[in-house]
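First up is the structure itself, then whatever we jot down about it.
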Amino acid sequence: MRTTSFCKAAYTAVLWCWAAIGAGNAVAATSENAPEDISVVSAKSVAVDDATVVRDLGVTDVVTEGEAILKNDANYTEITAAAWEGKALSAADLLSTLPGIQSYRQGGLGSFQTVSIRGIAARNIMICVDGVPLNDASGGAVNLGSIDLNQMEKVEVYKNNVPAKFGVSGLGGAINFVTKNAVKKGGRVLAAYGNHNTWEGSFQVAAPVTDSIMFASSFATRHSDNDYEYLNRNGTQYNDEDDYTATRENAKYTDVSGNVQFRMLHGNGYFSTLAVTASRYEGGNPGKEQSQTKVAEFVGESALIRYGLESVGYFDDKLFLYGGLSARFDKNMSSSYYPLDHIGFGNNVFMEYGSATYKFVPELWAEFTPVDRSTGMVRFAYEWERAEARGNSKDWALDRKTFVSSGDLYYQFFKYVGFGGEGSVTVLKDHLDEGTFVLPTGGRTLEEAKERDATFAGRLYSRFGAESSPLTGEVSIGRFYQQPALMELYGTFPGAISNPDLEREKATRFEASANYKFPGNHTSFQTTYFESHIENGICWVLSVELLRPINVARALIRGVEMELNSRPSKFLDVVLRATIQKTEDRSHSNAFNGKMLPGEPNRNYFAEATLHLPFHFDFSWASDWRSIMYSDRANRTEQPAVATHRASLSYHPFEKTSLMFAVNNITDEKYRNFYTPFPMPGREYKFTIIQGF
């Protein structure tokens, strides 16, 4: 069995850096000679910040600064920390408050969580941290449950495309989590506690080292026993007489993460950032209802090193250059005594399996303004990815080398009309280093990987209206592709067989959106029509008692999403959101054709009101309702329509002090299907203290 020490070393290094350097600079920040504001800024950061449309979902008013080429916020949303701090929201819960986004959650803190965007499944959505994709060689959806929002400054959500700076080629858009950064000196401490012995804490500090170097560091940890009660149906779904109340066992979850960052202004005006991030999470796998496990668990480790360099503006700030280098390591393990774990150590063979992934990405990109009223970007990146077996799995190793070039260009032809386009070219080469791969004909060693064609993706769009116009809009159409992941093609999982003949997935997407700002700019309404045609979707199907990935999925998705943001008075903020969609499976199988796609309700409504009360109190109430949805493609496993409500009360006695109390799922809904191993935790309470300095 192989072991990996790189992540542990990097993780330890982060903690030592945080403890030693962070503490020292925190003291330095309070000295009399320390500047009040950090001078480490770049020309480009100022140019971008002054032109960016920002929506703070914690304060529902839309804020626009400066005059710029129009950016339509119907397809881009920037969520700040005010939207989630103290409100007992996971990353998936937070994202699903937006129109067009649905979440899937298997249980309490740390459980597997994903989201879909406008009917596009989670596996086809690019999830990034600071622009570095978390999607790995397995091809599965990124687990949002392992992301600690206490480490994040903001969340960027791109609904209709993957931006050129990320590669353009994804089918379902992108979500980018941006970590705390070294922009302004100071710091803060957060501590929270809730039921089921759930607690979390975080610490951030930023301080100038010199006039040209800014240091920041953060540390965060979370834990929950997840020992909530649930209705155990005793293995008989339709017989209520033998049901009883049980408690989750072997469901504890703990994670810890750290980040160290330096932002440096160089003598030639160039600006660079060096960051090291590491995290580790572990939890138990409690099993299903009457078959709860005792020792089954999962463990994940991750480390990321990033360096970025940006230039001064050339040609009167018409050109900015960026260079970057990132190295990432991930290891995920699952273990159990199989198959009799729930009655003790019935099998003396300890099953431990998983994979390790290494990724190395150098990149170069530029933002430019070739002529007035235009803007563009071009990016070139080389990606090397390696996946290896860990644990009791048969040894195998896979390599993928990818070259990606992407770019976009937009031109404002007239005051109220502009046109743009974006596209990408992806060329990849797979290499089979070693290992026996499971095929339908049995296990054998493949001599070489299958040749794969270059992939082209692109989108054309037109924007209407000027910044001063009450009515703005955008219309776009795009053709996107996504290559199968390495481990879908050649990897091995327990109970699964690989398929080297998989074809790339395809999608044609159309969106039309409009945004209207009512007089006074205190109320805005936006709506979007979206339509997607999916071809060659990869699904895992049962074949001779083994799972196998096959290009069998076809789907048609149509829908409308709407959002109203209003501040009728300085004491009240109101948000109303709705998603109405039809997701139709159009595969050739009679069992699936015409059915709804899994995890996609036809309707979803969200409403939130925030009262700004006297004596520095704020009260918020949010309600969410979704219609019936299904957990399988055949639509046999139904999850009923459900309404959930949450409330929070915050008190700000001082400028940098906040006390918050939140109740989530007030009506104690515990919806789930019969086959879900993690019943929902029901009503949850959380008390949070935040102190800045």
[atom2] on [Y] to [atom1] on [X], rounded to 0.5 Å:
X      : Y      : atom1 : atom2 : value
Ser302 : Leu134 : OG    : CG    : 7.0 Å
Lys180 : Met152 : NZ    : CE    : 9.5 Å
Arg400 : Lys359 : CZ    : NZ    : 9.5 Å
Asn332 : Thr357 : CG    : OG1   : 7.5 Å
Gln261 : Ser218 : CD    : OG    : 8.5 Å
Thr657 : Ile689 : OG1   : CD1   : 9.5 Å

>> For Phe219 and Phe203: C-alpha separation, side-chain torsions, deciding distance, then whether ring pair (Phe, Tyr, Trp, His ring centres under 6.0 Å) applies.
In response: CA-CA 5 Å; Phe219 175 82; Phe203 173 77; 8.8 Å; no
> So, the side chain of Thr198 versus the backbone of Gly194: is there a donor-acceptor pair under 3.5 Å, distance only?
Replying inline: no
I'd like to know if [X] and [Y] make a salt bridge, using a cut-off of under 4.0 Å between side-chain N and carboxylate O.
X      : Y      : value
Arg188 : Glu85  : yes
Glu388 : Arg390 : yes
Glu363 : Arg379 : yes
Glu156 : Lys154 : yes
Lys686 : Glu200 : yes

Contacts of [X] that satisfy side-chain contact (heavy atoms from CB on, under 4.5 Å) - sequence neighbours left out:
X      : answer
Leu319 : Tyr314, Phe315, Leu321, Ala366, Phe368
Asp624 : Asn604, Phe606, Thr644
Ile125 : Ile117, Ile127, Ile175
Ser326 : Val132, Leu304, Arg306, Val361

Does the side chain of [X] reach to within under 4.5 Å of the side chain of [Y], using non-hydrogen atoms?
X      : Y      : result
Ser146 : Tyr253 : yes
Leu659 : Phe617 : no
Gln113 : Ile147 : no
Leu94  : Leu149 : yes
Ser202 : Val189 : no
Asn195 : Glu684 : yes
Leu613 : Phe619 : yes
Ser648 : Val663 : no

> Would Phe687 and Tyr193 count as a side-chain contact (heavy atoms from CB on, under 4.5 Å) if you check the C-alpha gap in whole Å, the side-chain angles of each, and the deciding distance to 0.1 Å?
Replying inline: CA-CA 5 Å; Phe687 180 73; Tyr193 188 81; 5.5 Å; no
> Going through the distances and angles, do Val178 and Val155 end up as a side-chain contact (heavy atoms from CB on, under 4.5 Å)?
Replying inline: CA-CA 6 Å; Val178 181; Val155 184; over 6 Å; no
>> Under the rule for side-chain hydrogen bond (donor to acceptor under 3.5 Å, both in side chains), what residues qualify as partners of Tyr651, not counting sequence neighbours?
In response: none
All salt bridge (charged side-chain N to carboxylate O under 4.0 Å, His left out) counterparts of [X], not counting sequence neighbours:
X      : result
Asp330 : Arg328
Glu282 : Arg280
Glu385 : none
Lys318 : Asp372

>> Checking Trp84 now: which residues fulfil ring-ring contact (aromatic ring centres under 6.0 Å, His included) with it, not counting sequence neighbours?
In response: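 In terms of ring-ring contact (aromatic ring centres under 6.0 Å, His included), with neighbours along the sequence ignored, Trp84 is linked to no residue.
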>> Run the side-chain contact (heavy atoms from CB on, under 4.5 Å) test on Gln691 and Lys656 for me, step by step, so that the C-alpha distance in whole Å, both residues' side-chain angles and the decisive distance to 0.1 Å come before the verdict.
In response: CA-CA 6 Å; Gln691 177 62 57; Lys656 295 185 178 181; 4.3 Å; yes
> Under the side-chain hydrogen bond (donor to acceptor under 3.5 Å, both in side chains) criterion, do His223 and Asp225 qualify, and how do the steps go?
Replying inline: CA-CA 7 Å; His223 170 84; Asp225 289 348; 2.8 Å; yes
>> Apply side-chain contact (heavy atoms from CB on, under 4.5 Å) to residues Ile305 and Leu325 and explain how you reach the verdict.
In response: CA-CA 8 Å; Ile305 301 175; Leu325 183 65; over 6 Å; no
> At their closest point, which heavy atom of Val312 faces which heavy atom of Gly269, and how far apart are they?
Replying inline: CG1-O, 3.0 Å
>> Enumerate the salt bridge (charged side-chain N to carboxylate O under 4.0 Å, His left out) contacts for residues 90-100, please, sequence neighbours excluded, ordered by first and then second residue.
In response: Asp93-Arg105
> Does anything in residues 251-262 pair up under salt bridge (charged side-chain N to carboxylate O under 4.0 Å, His left out), and if so which pairs, sequence neighbours excluded?
Replying inline: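 Qualifying pairs: Arg222-Asp255.
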> Does the side chain of Tyr281 pick up a donor-acceptor pair with the side chain of Asn143 at under 3.5 Å?
Replying inline: no
> Is the closest side-chain donor-acceptor distance between His266 and Ser272 under 3.5 Å?
Replying inline: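 Judged by distance alone, the side chains do pair up.
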>> Determine whether His196 and Ser224 satisfy the following criterion, side-chain hydrogen bond (donor to acceptor under 3.5 Å, both in side chains), listing intermediate values before the conclusion.
In response: CA-CA 6 Å; His196 317 306; Ser224 179; over 6 Å; no
>> Walk me through whether Phe262 and Phe215 qualify under ring pair (Phe, Tyr, Trp, His ring centres under 6.0 Å).
In response: CA-CA 5 Å; Phe262 289 92; Phe215 167 83; 5.1 Å; yes
> Passes ring pair (Phe, Tyr, Trp, His ring centres under 6.0 Å), Tyr322 versus Trp365? Steps please.
Replying inline: CA-CA 5 Å; Tyr322 300 81; Trp365 50 295; 4.3 Å; yes
>> Heavy-atom count check: over 12 atoms from other residues, nucleotides or ligands less than 6.0 Å from Asp316 CG?
In response: no
> Do Thr179 and Asp130 pass the side-chain hydrogen bond (donor to acceptor under 3.5 Å, both in side chains) test, and can you show the C-alpha distance, the side-chain angles, and the key distance before you say yes or no?
Replying inline: CA-CA 7 Å; Thr179 57; Asp130 293 333; 2.7 Å; yes
> Which word best sums up how the rings of Phe166 and Tyr158 line up, parallel for under 30°, tilted for 30 to 60°, or perpendicular for over 60°?
Replying inline: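 Taking Tyr158 first and then Phe166, their aromatic rings stand perpendicular (interplane angle over 60°).
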